[in-house]
Amino acid sequence: MAGSPQGGAGHIALVDVNNFYVSCERVFDPRLEGRPVVVLSNNDGCVVARSAEAKALGVKTGAPWFQVQAQAKAWGLVARSSNYELYGDMSARVMEVVGRFGAWQEVYSIDESFVGLMGDAGALAESGRQIRAAVDRHVGVPVCVGVAGTKTLAKFANRIAKQNPALGGVCALDAMPAGHVDAVQSRVPASGLWGVGGRTAERLKLLGIESIADLKAADPAMIRKKFSVVLQRTVLELNGTECIPHAEERVDKQQIMFSRSFSTPVTTVEGMESVMAVYAQRGASRLNQEGLRASAMTVTAGTSRFAAGEGSFPAVTLRFAAPTQDPIVLIRAAVAAIRQSAVPGASYLRAGVMFSGLEPVAGQDVLEVFDTAGSQPGVGDVLGEVRGKFGSLAIGLGIGGLAEPPSWSMKREHSSPRYTTEWAELPVVRA
DNA sequence: TCTGGGGTCCTAGGACCC
DNA sequence: TCTGGGGTCCTAGGACCC
């Protein structure tokens with residue numbers, strides 16, 4: 001089992017940004033402070049982030065925007081389209097600041113990281129407060145910090161920090177009054193834990209295991225037998241045994257996806273062919289950015305999951321004779337795959353391409369001499385270079401080269417500027 | 001009319017081999 | 001015609017997370 005990397009008194013802090021996407025929007029638009037704000041998914045489809053005020057109004061994550069929108073005006077609710085370029089850049093800034101405080105850091109998601117802290121309960125809580133202050137000063141977004149001996153408990157401590165304003169956003173589990181932690185664990189259902197979802201919670205209930213405290217007291221061997229090694233680890237971690245290993249810097253992605261729903265349905269096979277031409281190209285451009293090539297590609301499409309009737313959900317996986325990132329090869333293959341598998345007349349709402357069997361381009365092998373002809377850059381590199389200099393709409397292949405987006409492309413009606421990553425969209429300060 | 005997009009890990013089962 | 005047991009690799013699907 002993974003011990004603390006420092007040996008001895010290692011603790012784990014889970015630091016995450018409160019309502020991350022909303023907080024990013026607020027940094028650049030202070031008018032949003034104190035107001036109910038939501039950030040919408042791609043296509044302005046549903047709510048993916050909510051400010052505290054929006055949560056208080058009962059707006060749920062995943063709620064379809066067209067339903068929420070009805071009351072938005074009466075509530076004074078503001079919506080923003082998601083602006084992933086901005087959030088990605090803000091995320092990097094937060095991670096850099098948080099990382100300064102840890103003996104090690106593991107970035108877990110766009111807004112969370114685990115960091116290694118040392119010291120007694122008092123020192124741990126003090127480190128938590130320093131992290132909060134530093135992120136506030138250097139980036140301007142609010143974070144919460146949970147500190148404990150295992151990742152699962154750090155997540156739990158973070159939850160306590162969030163739910164008790166009196167704690168000032170920091171909870172070091174060891175510094176809490178003993179009885180208090182037990183009381184919370186008896187009250188909170190097991191599904192509130194990291195790693196325990198709805199399905200598992202239902203099955204646990206059949207065994208009489210309902211609260212976190214119940215799960216903590218369960219026999220790990222029985223849990224392993226009836227459920228999985230994953231849930232067994234949760235039980236052990238609740239009891240203070242660290243057994244979720246630190247993911248060493250995982251640079252090697254295992255798959256790359258590009259998947260989107262459309263603003264208006266596509267009902268012809270030819271229409272789907274042009275969609276795939278664009279999507280395969282977007283995917284290929286991601287492969288190129290990551291310096292990877294793929295040995296397999298899966299092409300998918302789907303009609304509405306909410307419509308009556310059967311629907312159509314084609315999914316075709318193709319394997320390439322040699323791994324590739326060549327957009328021309330990828331586009332041809334994707335278009336051919338959708339031509340075979342799309343049902344004429346079906347009303348498609350979404351499509352995607354997924355690349356797997358990834359490997360770095362750098363490891364040039366002998367065979368590759370034949371398709372790259374010496375040191376000539378591939379088509380993907382040329383496209384990437386032009387886009388880097390002149391913007392992402394500057395160049396493309398086939399329909400993917402149209403500067404005017406086709407009718408089915410994404411809806412983003414409430415987008416904020418890319419304040420930190422596009423010179424043309426820098427915020428302007430007037431004094 | 002309108003319901004996200006991207007990932008990871010684990011397990012079971014099939015194919016194949018010796 | 002018989003036909004065990006062990007191993008690997010791959011894939012699909014489930015569950016979960018943010």
Side-chain angles (χ1 to χ4, degrees), chain A residues 14 16-22 38-50 59-70 72 79 81-84 87-88 91 106-114 151-152 155 158-159 190-204 224-234 243-245 247 250 252-265 279 282-283 286 290 295-296 298 300 302-307 311 313 315-317 319 347 349-358 407-408 410-414:
Chain A
L14 186 272
D16 73 348
V17 182
N18 303 347
N19 318 321
F20 180 54
Y21 297 170
V22 170
V38 294
V39 173
L40 305 177
S41 65
N42 278 323
N43 225 12
D44 293 347
C46 62
V47 172
V48 291
R50 309 160 293 157
V59 178
K60 297 274 182 269
T61 299
W65 171 238
F66 73 91
Q67 284 173 7
V68 179
Q69 195 173 21
S81 301
S82 40
N83 184 345
Y84 291 106
Y87 311 148
S91 170
E106 182 187 327
V107 175
Y108 177 68
S109 75
I110 192 164
D111 77 322
E112 287 172 74
S113 68
F114 292 104
K151 286 185 178 176
T152 302
K155 276 272 202 180
N158 181 279
R159 182 197 153 104
S191 58
L193 281 173
W194 184 47
V196 182
R199 297 296 175 94
T200 303
E202 299 255 308
R203 290 176 55 207
L204 282 169
R224 161 108 202 213
K225 224 164 99 190
K226 295 215 157 117
F227 293 84
S228 67
V229 64
V230 181
L231 194 60
Q232 183 191 34
R233 287 201 277 250
T234 301
C243 53
I244 298 177
R250 170 183 282 284
D252 50 329
K253 286 196 182 164
Q254 310 198 357
Q255 45 183 241
I256 286 181
M257 294 172 83
F258 184 83
S259 156
R260 290 279 185 284
S261 42
F262 316 141
S263 56
T264 54
Y279 282 29
R282 297 288 296 272
R286 280 195 193 171
E290 304 268 348
S295 44
T298 303
T300 60
T303 51
S304 171
R305 296 192 305 280
F306 300 90
F313 302 90
V316 180
T317 299
R319 247 155 279 277
S347 194
L349 272 180
R350 51 180 303 108
V353 290
M354 184 179 102
F355 300 110
S356 51
L358 305 179
S407 63
W408 40 262
M410 253 179 23
K411 197 159 50 173
R412 287 178 81 173
E413 291 177 351
H414 315 277

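Below, chain A is the first sequence line, B the second, and so on; all start at residue 1.
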Please report the distance, rounded to the nearest Å, between [atom1] in [X] and [atom2] in [N].
{"X": "Asn42(A)", "N": "dG6(B)", "atom1": "CG", "atom2": "P", "answer": "7 Å"}
{"X": "Lys253(A)", "N": "dC9(B)", "atom1": "NZ", "atom2": "C1'", "answer": "17 Å"}
{"X": "Lys151(A)", "N": "dC9(B)", "atom1": "NZ", "atom2": "C1'", "answer": "13 Å"}
{"X": "Ile244(A)", "N": "dC17(C)", "atom1": "CD1", "atom2": "C1'", "answer": "12 Å"}
{"X": "Glu202(A)", "N": "dC16(C)", "atom1": "CD", "atom2": "C1'", "answer": "15 Å"}
{"X": "Lys60(A)", "N": "dT3(B)", "atom1": "NZ", "atom2": "P", "answer": "21 Å"}
{"X": "Trp194(A)", "N": "dC18(C)", "atom1": "CH2", "atom2": "P", "answer": "8 Å"}
{"X": "Arg260(A)", "N": "dG7(B)", "atom1": "CZ", "atom2": "P", "answer": "10 Å"}

Inter-nucleotide P distance (dT3(B), dC18(C)), Å rounded: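 Each nucleotide's P atom is 25 Å from the other's.
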Asn42(A)/Ser261(A) under side chain to side chain contact (heavy atoms under 4.5 Å, CB included): CA gap, chis, key distance, verdict: CA-CA 8 Å; Asn42(A) 278 323; Ser261(A) 42; over 6 Å; no
5′-ward residue of the pair Tyr84(A)/Ile256(A) relative to DNA chain B: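 Result of the comparison: Tyr84(A).
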Position toward the 5' end of DNA chain B (nearest nucleotide), Ser228(A) or Asp44(A):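 Here Asp44(A) is the residue nearer the 5' end.
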Of the candidate nucleotides [options], which contains the atom at the shortest distance from the side chain of [X]?
{"X": "Ser259(A)", "options": "dG5(B), dC18(C), dT8(B)", "value": "dG5(B)"}
{"X": "Leu349(A)", "options": "dG4(B), dT3(B), dG5(B)", "value": "dT3(B)"}
{"X": "Phe306(A)", "options": "dT8(B), dT3(B), dA15(C)", "value": "dT3(B)"}
{"X": "Val229(A)", "options": "dT3(B), dC10(B), dG5(B)", "value": "dC10(B)"}
{"X": "Ser261(A)", "options": "dT3(B), dG5(B), dT8(B)", "value": "dG5(B)"}

Should [X] be listed as having a side-chain N or O under 4.0 Å from OP1 or OP2 of [N]?
{"X": "Arg350(A)", "N": "dT3(B)", "result": "no"}
{"X": "Arg305(A)", "N": "dG4(B)", "result": "yes"}
{"X": "Arg319(A)", "N": "dT11(C)", "result": "yes"}
{"X": "Arg233(A)", "N": "dC9(B)", "result": "no"}

From CA spacing to verdict: side-chain hydrogen bond (donor to acceptor under 3.5 Å, both in side chains), Asn83(A), Ser81(A): CA-CA 6 Å; Asn83(A) 184 345; Ser81(A) 301; over 6 Å; no
Working for side chain to side chain contact (heavy atoms under 4.5 Å, CB included), residues Glu290(A) and Phe355(A): CA-CA 12 Å; Glu290(A) 304 268 348; Phe355(A) 300 110; over 6 Å; no
Does [X] reach a base, just sugar-phosphate, or nothing at all? Heavy atoms under 4.0 Å.
{"X": "Lys155(A)", "result": "sugar-phosphate"}
{"X": "Tyr108(A)", "result": "sugar-phosphate"}
{"X": "Ser304(A)", "result": "nothing"}
{"X": "Gly352(A)", "result": "nothing"}
{"X": "Arg203(A)", "result": "nothing"}
{"X": "Gln255(A)", "result": "base"}

Arg282(A) atom CZ: more than 12 heavy-atom contacts under 6.0 Å: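 It does not: Arg282(A) CZ has 12 such atoms or fewer within range.
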Aromatic plane relationship, Phe258(A) with Tyr279(A) - under 30° parallel, 30 to 60° tilted, over 60° perpendicular: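 Tyr279(A) and Phe258(A): perpendicular rings.
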Among Ile110(A), Val107(A), Asp111(A), the one residue meeting side chain to side chain contact (heavy atoms under 4.5 Å, CB included) with Ser91(A):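 Among Ile110(A), Val107(A), Asp111(A), the one meeting side chain to side chain contact (heavy atoms under 4.5 Å, CB included) with Ser91(A) is Ile110(A).
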Arg50(A) side chain vs Val59(A) backbone, donor-acceptor pair below 3.5 Å: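 Yes.
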Identified pairing partner of dC18(C), criterion: Watson-Crick or G-U wobble below 3.5 Å: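 Base-paired to dG5(B).
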